[in-house]
Participant: 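If you scroll down you'll find the structure; I have some questions about it.
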Amino acid sequence: MSANQAGYTTYQGHTVRDGSLWGNPAPLVYSMSRFGMWLFLATEILLFAILFTAYSIAYYRDAAAFHASAKELSVAFGTANTVILLFSSFTVAWGIEAVKHGNNRLMLVMLGITIACGVVFLINKKFEYGHKMHEVELAKEAIAPELYQVLKAENKCADTFDKHHGEDIMVEKCKVVPFNVSNIGSTDKSKPAFASMFFFLYFVMTGIHGLHIIIGLGLLIWVMRKGLKNEFHPGWYTPVEVGGLYWHLVDLIWIYLFPLLYLVA
Amino acid sequence: MAHSDSSQAHSQSHLKELALTFAALIVLTIVTVKVAKLDFGGVAINISIALLIASIKAALVALYFMHLKWEEKLIVGFAALSVPFVILMVSTMVWDVSQKTAELIYAK
């Protein structure tokens, strides 16, 4: 590509895109890129709306179990991750502001901070997941009383030592199948398809959200690579803007996930 | 004209608004956590309050971080269109289940 090829221009000694595409003027291409991204984000919102619907229905069917299950989650972890995501959203918005005014270096710094925040979020999530895998093993009396009675009668519960915040404590653990296909459709509470509907939804919702974080990180790394090659200038920075929009959506979803999963106790 | 609007938006800096939005989001997060510990007389009210605060936060993110406040009308319209559909889907499903669950349990 050269500076006098259609669609390219020179900015501070670098050959860059001028923002036009296939003969269409730059302002139109910029508007339509944002429009396309927003349409895609609308479909993403509806994807999560399906999960929120599933959550609402399951909550409606057994609110008490949801309250007891949510107590197992650490509000401190959830709050920390909320603040991390909000901050990363702020840095992305700041980065877009910077590149808009031709400050490529500041944009790179902001994207770097954002990516670091995303990674910290995932590390926190990994700790939480590891911890929660244990918790799901216990079919606690508070979470599923009917199931607990059956397991107890079948001698599937035993007192075992468990590490809890570095301390050895004695807890009663029951061996339970987390998901039992043959129990699908059962209305008998002692034979649930999911040992804990709350934790099933917790893992699915935060899992799909986590997948979006990973995709978002990939996008931001791609944008950062372009930035390192000095490809952006005030006349064309669409990937930064559109990649930023995706990252904000991830934050937007978490804003709803946080109270629904961590604070319903 | 959309063109002159957007080129004008390019030259302005929204950094102050963005910083204020971030501050407001952090304050609202603290409020959500604190409010969740209080009892407003019923789980439904507590969840409604939590979702109301979440919606204010989501609106702030969409308006300022996602630039909807300065966005073209067509894009704002399509972005806003997803909200009634989400409400429609969740509310009709929950309404349906609340009507049928009792019948289902007795039928089996």
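Below, read A as the first sequence line, B as the second, and so on, with proteins coming before strands; counting in each chain starts at 1.
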Participant: For chain A, which candidate among T29(B), L28(B), T92(B) shows the most heavy-atom pairs at distances under 4.5 Å?
Facilitator: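 Sorted descending by pairs with chain A, the first entry is T29(B).
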Participant: Is the F48(A)-H212(A) ring centre distance short of 6.0 angstrom?
Facilitator: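 Yes.
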Participant: Quick check on the interface: out of A42(A), A98(A), S89(A), who has the most heavy-atom pairs with chain B under 4.5 Å?
Facilitator: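 That would be S89(A).
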Participant: Would you mind checking which part of W38(A) comes under 4.5 Å of any heavy atom in chain B, side chain (CB onward), backbone (N, CA, C, O), both or neither?
Facilitator: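 It is the side chain, since no backbone atom gets that close.
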Participant: Is the ring centre of F121(A) less than 6.0 Å from the ring centre of W254(A)?
Facilitator: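 Yes, they do, as the ring centres are separated by less than 6.0 Å.
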Participant: For chain A, find which of S82(B), S91(B), A50(B) contributes the most heavy-atom pairs closer than 4.5 angstrom.
Facilitator: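 Heavy-atom pair counts peak at S82(B).
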Participant: At a 4.5 Å cut-off on heavy atoms, which part of T82(A) comes close to chain B: side chain, backbone, both, or neither?
Facilitator: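 Side chain only.
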Participant: How long is the span from the OG1 atom in T21(B) to the CG atom in L86(A), to the nearest 0.5 Å?
Facilitator: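 Reported value, rounded in 0.5 Å steps: 11.0 Å.
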Participant: Please confirm whether the ring centroid of F22(B) lies under 6.0 Å from the ring centroid of F90(A).
Facilitator: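 That pair passes the under 6.0 Å test.
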Participant: Could you have a look at E71(B), M93(B), M66(B) and say which one has the most heavy-atom pairs with chain A under 4.5 angstrom?
Facilitator: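 The answer is M66(B).
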Participant: Looking at chain A, which one of I75(B), V90(B), L81(B) has the largest number of heavy-atom pairs inside 4.5 Å, strictly under?
Facilitator: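 With the most close heavy-atom pairs to chain A, the winner is I75(B).
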Participant: Please state whether the side chain, the backbone, both or neither of F258(A) comes within less than 4.5 Å of a heavy atom of chain B.
Facilitator: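 It is the side chain, since no backbone atom gets that close.
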Participant: Against chain B, label I96(A) side chain, backbone, both or neither, depending on which of its atoms sit under 4.5 Å from a heavy atom there.
Facilitator: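 Looking at I96(A), just its side chain touches chain B.
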Participant: Within residues 54-63 of chain B, which residues come under 4.5 Å of chain A, heavy atom to heavy atom?
Facilitator: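 Listed by number, the contacting residues are A54(B), S55(B), K57(B), A58(B), V61(B), A62(B).
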Participant: Measure the CG-OG1 distance between L88(B) and T53(A) for me, rounded to the nearest 0.5 Å.
Facilitator: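 Answer rounded to 0.5 Å: 10.0 Å.
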Participant: Strictly less than 4.5 Å between heavy atoms, which residues of residues 241-248 of chain A line up against chain B? Please order them by number.
Facilitator: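 The residues closer than 4.5 Å to chain B, in numerical order, are E241(A), L245(A), H248(A).
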Participant: Would Y55(A) and Y60(A) count as a close aromatic pair, with their ring centres under 6.0 Å?
Facilitator: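 Not under 6.0 Å, so no.
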Participant: I need the K34(B) NZ to T32(B) OG1 distance, nearest 0.5 Å.
Facilitator: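 Going from the NZ atom of K34(B) to the OG1 atom of T32(B) covers 11.5 Å.
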Participant: Roughly how far, to the nearest 0.5 Å, is CG of L51(A) from CD1 of I208(A)?
Facilitator: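 One finds 4.5 Å between CD1 of I208(A) and CG of L51(A).
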Participant: Under 6.0 Å from the ring centre and within 45 degrees of the ring axis: does the NZ or CZ of R61(A) meet both conditions for the six-membered ring of Y59(A)?
Facilitator: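 No, R61(A) does not sit over the ring of Y59(A).
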Participant: With a 4.5 angstrom heavy-atom cut-off, which part of L260(A) approaches chain B: side chain, backbone, both or neither?
Facilitator: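 Contact with chain B involves the side chain of L260(A) alone.
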Participant: Is it the side chain or the backbone of L41(A) that comes within 4.5 Å of chain B heavy atoms, both, or neither?
Facilitator: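 Looking at L41(A), just its side chain touches chain B.
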Participant: If we define contacts as heavy-atom pairs under 4.5 Å, which of I53(B), I30(B), V43(B), V94(B) has the most with chain A?
Facilitator: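 It is V43(B).
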Participant: Quick check on L18(B) against chain A: is it the side chain, the backbone, both or neither that has a heavy atom closer than 4.5 Å?
Facilitator: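 Contact with chain A: backbone and side chain both.
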Participant: With no hydrogens and no angle check, do the side chains of E128(A) and S74(A) hold a donor and an acceptor under 3.5 Å apart?
Facilitator: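 Looking only at side-chain atoms, S74(A) and E128(A) do not form any donor-acceptor pair under 3.5 Å.
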Participant: Between L39(A) and chain B, which part of the residue has a heavy atom less than 4.5 Å away: side chain, backbone, both or neither?
Facilitator: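 Contact with chain B involves the side chain of L39(A) alone.
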Participant: Do you know which of V35(B), V86(B), I87(B) has the most heavy-atom pairs with chain A at a distance under 4.5 angstrom?
Facilitator: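 The residue among V35(B), V86(B), I87(B) with the greatest pair count is V86(B).
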Participant: Could you measure the distance from the NE2 atom of H67(B) to the CZ atom of R34(A)? Nearest 0.5 Å is fine.
Facilitator: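 It comes to 9.5 Å.
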Participant: Side-chain donor-acceptor pair under 3.5 Å between T9(A) and D18(A), yes or no?
Facilitator: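 D18(A) and T9(A) do not have a side-chain donor-acceptor pair below 3.5 Å.
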Participant: The criterion is side chain to side chain donor-acceptor pair (under 3.5 Å); which residues satisfy it with N104(A), sequence neighbours excluded?
Facilitator: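 Here the qualifying residues are N230(A).
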Participant: Could you verify whether a donor N or O on one side chain and an acceptor N or O on the other, from S88(A) and T114(A), lie under 3.5 Å apart?
Facilitator: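 Not at all, the side chains of S88(A) and T114(A) share no donor-acceptor pair under 3.5 Å.
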Participant: Let me confirm one number: the CG-CG distance from L257(A) to L85(A), rounded to the nearest 0.5 Å.
Facilitator: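 Spacing of CG (L257(A)) from CG (L85(A)) equals 10.0 Å.
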Participant: Tell me, please, which residues at least two apart from D62(A) pass salt bridge (charged side-chain N to carboxylate O under 4.0 Å, His left out).
Facilitator: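 Result, salt bridge (charged side-chain N to carboxylate O under 4.0 Å, His left out) vs D62(A): K189(A).
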Participant: Does a salt bridge link R17(A) with E231(A), judged by any charged N lying under 4.0 Å from a carboxylate O?
Facilitator: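 Looking at R17(A) and E231(A), the cut-off is not met.
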